[in-house]
Amino acid sequence: MSTLRPFDKLPALKEAVLLLVGTDEHLQELLVEAMLREPKAFELKIHLAKSLPLPPEGDHQRPRIDLVVFLVNLQSQLSFSTVKSSLAHLDSTFFLGKVCFLVVGGGRVKHCMVEMSAVKAMADAHLSILLLTELESELGCTSTAQQLLQMLRVCAGLVPGVSALYLGSVLKRPSPSLPE
């Protein structure tokens, strides 16, 4: 159960691997199904985990992971604390454009158990991309899947001349104050 490193393994040709970390299996499944429905010019592999560290590799070889997406549900304190504790198991080089925080559940503000400002502070502290979405709606799920696939293409090196570090700086632009 060692630290997960982005460049331990060689990339595969025309393949991109996403690791989706979160405690809400239903939301993970919705997002995975939406991503698999989208047309793409590469082979997509998605691994799901409730938390990090990942179990030891054992007999099978784990592929190189191109993008780590942490799914934070604002309606669950467990979701936030699991993501926060999982961050310690990522090598610092992942935070150079290969980590994204995906925040859901903000639409029903009165049911939120986690402050949006806490999640924003966590993303800012790790210089990572923060996406707000609602996966319960078809449109929200589809647009989130498309955004993540575009990010994954860049992180996997499938877009010539664009690095994950550049992607992070483009998407990490100043935003107006977020609702809490």
Side-chain angles (χ1 to χ4, degrees), residues 4-55 57 60-73 79 83 86-87 89-91 93-107 119 123 126-173 175:
L4 193 60
R5 290 180 171 71
F7 303 112
D8 276 353
K9 301 178 183 200
L10 293 174
L13 189 61
K14 295 271 186 180
E15 178 182 284
V17 182
L18 179 128
L19 175 62
L20 183 57
V21 180
T23 57
D24 195 329
E25 292 176 14
H26 173 68
L27 294 176
Q28 284 181 328
E29 289 173 13
L30 287 174
L31 187 56
V32 168
E33 288 171 6
M35 290 178 79
L36 293 174
R37 279 193 305 264
E38 290 297 313
K40 49 205 148 306
F42 57 90
E43 182 182 350
L44 172 64
K45 291 188 179 181
I46 302 173
H47 296 270
L48 303 176
K50 287 188 180 217
S51 65
L52 295 179
L54 296 175
E57 290 185 44
H60 69 284
Q61 274 296 96
R62 183 180 300 131
R64 175 177 137 160
I65 295 173
D66 299 305
L67 176 64
V68 179
V69 176
F70 288 105
L71 183 62
V72 180
N73 188 345
S79 171
V83 165
S86 293
L87 291 170
H89 300 285
L90 277 184
D91 187 69
T93 53
F94 258 111
F95 297 107
L96 298 174
K98 292 181 170 275
V99 171
C100 173
F101 292 93
L102 184 62
V103 180
V104 298
V119 180
H126 291 90
L127 304 172
S128 298
I129 298 166
L130 178 67
L131 298 177
L132 305 169
T133 189
E134 284 300 328
L135 296 178
E136 298 294 337
S137 75
E138 182 75 26
L139 181 62
C141 198
T142 301
S143 65
T144 302
Q146 290 168 351
Q147 269 187 303
L148 289 176
L149 285 170
Q150 285 294 78
M151 289 171 53
L152 184 58
R153 281 183 58 228
V154 171
C155 291
L158 301 175
V159 179
V162 181
S163 73
L165 186 56
Y166 175 74
L167 176 69
S169 66
V170 169
L171 291 177
K172 187 108 176 91
R173 58 183 169 255
S175 61

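Worth knowing before you read on, the calculation uses all heavy atoms, side chains too, and leaves out hydrogens, waters and symmetry mates. None of the values given here were measured: they were computed from a predicted structure.
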Has [X] got a side-chain atom pairing as donor or acceptor with [Y]'s backbone, closer than 3.5 angstrom?
{"X": "K98", "Y": "C155", "answer": "yes"}
{"X": "T142", "Y": "G140", "answer": "no"}
{"X": "D66", "Y": "V17", "answer": "yes"}

Open item on the list: Go through it in stages, so that I can follow the logic: the residues are R153 and E43, the test is salt bridge (Lys or Arg N to Asp or Glu O under 4.0 Å), and I'd like the CA-CA distance, side-chain angles, deciding distance and then a yes or no.
Closed with: CA-CA 10 Å; R153 281 183 58 228; E43 182 182 350; over 6 Å; no

Would you say the side chain of [Y] lies within less than 4.5 Å of the side chain of [X], judging by non-hydrogen atoms?
{"X": "M151", "Y": "L131", "answer": "yes"}
{"X": "F94", "Y": "L67", "answer": "no"}
{"X": "V72", "Y": "V104", "answer": "no"}
{"X": "L102", "Y": "F70", "answer": "no"}
{"X": "F101", "Y": "L71", "answer": "no"}
{"X": "L148", "Y": "C100", "answer": "yes"}
{"X": "P63", "Y": "H47", "answer": "yes"}
{"X": "L44", "Y": "L149", "answer": "yes"}

Reported [atom1]-to-[atom2] distance for the pair [X] and [Y], which is rounded to 0.5 angstrom:
{"X": "C141", "Y": "L135", "atom1": "SG", "atom2": "CG", "value": "5.0 Å"}
{"X": "Q147", "Y": "I129", "atom1": "CD", "atom2": "CD1", "value": "9.5 Å"}
{"X": "H89", "Y": "L54", "atom1": "NE2", "atom2": "CG", "value": "10.0 Å"}
{"X": "D24", "Y": "E29", "atom1": "CG", "atom2": "CD", "value": "9.5 Å"}
{"X": "F95", "Y": "L127", "atom1": "CZ", "atom2": "CG", "value": "9.5 Å"}

side-chain hydrogen bond (donor to acceptor under 3.5 Å, both in side chains) partners of [X], counting only residues at least two apart:
{"X": "T144", "result": "T133"}
{"X": "K45", "result": "E15"}
{"X": "E38", "result": "Q146"}
{"X": "K50", "result": "E25"}

TODO: Just jot down the side-chain contact (heavy atoms from CB on, under 4.5 Å) partners of V154, sequence neighbours excluded, or say none.
DONE: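 With neighbours one apart ignored, the set is V159, V162, L167.
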
- [ ] State which residues pass side-chain contact (heavy atoms from CB on, under 4.5 Å) with T23; sequence neighbours excluded, sorted by chain then number.
- [x]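 T23: side-chain contact (heavy atoms from CB on, under 4.5 Å) contacts with L78, S79, T82.
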
Task: Smallest separation among heavy atoms of A49 and L19, with atom names - done: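 What the structure gives for the nearest pair is CB-CD1, 4.2 Å.
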
Open item on the list: How close do K14 and A41 get, counting heavy atoms only, and between which atoms?
Closed with: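 Closest pair (atom of K14, atom of A41, distance): CD-O, 3.8 Å.
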
Task: More than 12 heavy atoms of other groups within 6.0 Å of K40 NZ - done: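 For K40, atom NZ is crowded (more than 12 foreign heavy atoms under 6.0 Å).
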
Task: Q28 and its side-chain contact (heavy atoms from CB on, under 4.5 Å) partner, picked from I46, L20, V21, V69 - done: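 Only match with Q28 under side-chain contact (heavy atoms from CB on, under 4.5 Å): L20.
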
